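Sequential numbering from 1 along the given sequence is applied to the chain's residues. Small disclaimer: the values here were computed from a predicted structure and weren't measured.
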Amino acid sequence: EKVISAVYREIDAMKAGDFTDSELENAKNAIVRSLQSVENSLGSINSYMLGQVLLDDSEPLEVNIELVKSVTREEVVDLALTVSPELEYILESEVSE
């Protein structure tokens, strides 16, 4: 319950625009680094290309990187406002004694 509540609080914070410019830049930089690393292995290239096909996205990797870099606070908030929970997974561990 604590994790679910924390996730919902974070989503609500994004909907309210309650995040810093630094957090936004850090998130964009992490995504950009991840995209830039796609070309480092055949498996990554394969996964990326499959995703592009499934999303019907024919833009080159470089264009998608620039799109990520250009995301604004307002775009994040607008997208966050469309997010609603559909499914919750509950993970439990078994303790054996």
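- In plain terms, the two heavy atoms of Val38 and Leu61 that are nearest each other are CB-CD2, 4.4 Å.
- The line from CD1 of Ile45 to CG of Leu50 is 13.5 Å long, rounded to the nearest 0.5 Å.
- Summarising the geometry, atom CD belonging to Glu62 is positioned 10.0 Å from atom CD belonging to Gln36; distances are rounded to the nearest 0.5 Å.
- Of the possible polar contacts, one joining the Ser37 side chain to the Ser34 backbone as a donor-acceptor pair under 3.5 Å is found.
- Once rounded to the nearest 0.5 Å, the distance linking CD of Glu74 with OG1 of Thr72 reads 4.5 Å.
- Following chains of ILVMFWY side-chain contacts shorter than 4.5 Å, one can reach Leu81 starting from Leu24, so the two form part of one hydrophobic cluster.
- To the nearest 0.5 Å, atom CD1 of residue Ile31 and atom CG of residue Asn26 are 11.0 Å apart.
- By the 4.5 Å heavy-atom criterion applied to side chains, Val68 and Asn64 are not counted as neighbours.
- Side-chain atoms of Ser47 do not come within 3.5 Å of backbone N or O of Ser44 as any donor-acceptor pair.
- For Asn46 (side chain) and Leu42 (main-chain N/O), no donor-acceptor pair under 3.5 Å exists by modelled atom type.
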Walk me through it: do Asp12 and Lys15 pass the test side chain to side chain contact (heavy atoms under 4.5 Å, CB included)?
CA-CA 5 Å; Asp12 288 342; Lys15 289 179 178 182; 4.3 Å; yes
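- When all heavy atoms of Glu59 and Val63 are compared, the closest pair comes out as OE1-CG1, 3.3 Å.
- Linking ILVMFWY side-chain heavy atoms closer than 4.5 Å, directly or via other members, places Val3 and Ile11 in a single hydrophobic cluster.
- Using a distance-only test at 3.5 Å, with no hydrogens or angles considered, no donor-acceptor pair links the side chain of Lys69 to the main chain of Val32.
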Quick one, Arg73 with Phe19, criterion side chain to side chain contact (heavy atoms under 4.5 Å, CB included). Give me CA distance, side-chain angles, the key distance, then yes/no.
CA-CA 9 Å; Arg73 166 182 292 280; Phe19 52 90; 3.7 Å; yes
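- Rounding to the nearest 0.5 Å places CE of Met49 at 7.0 Å from CD of Gln52.
- Thr20 and Glu23 make their closest contact through N-OE1, 2.7 Å (heavy atoms, listed as atom of the first residue, atom of the second, distance).
- With a 4.5 Å cut-off on side-chain heavy atoms, Met14 and Val83 do not count as touching.
- A distance of 12.0 Å separates OG in Ser70 from CD1 in Ile65, rounded to the nearest 0.5 Å.
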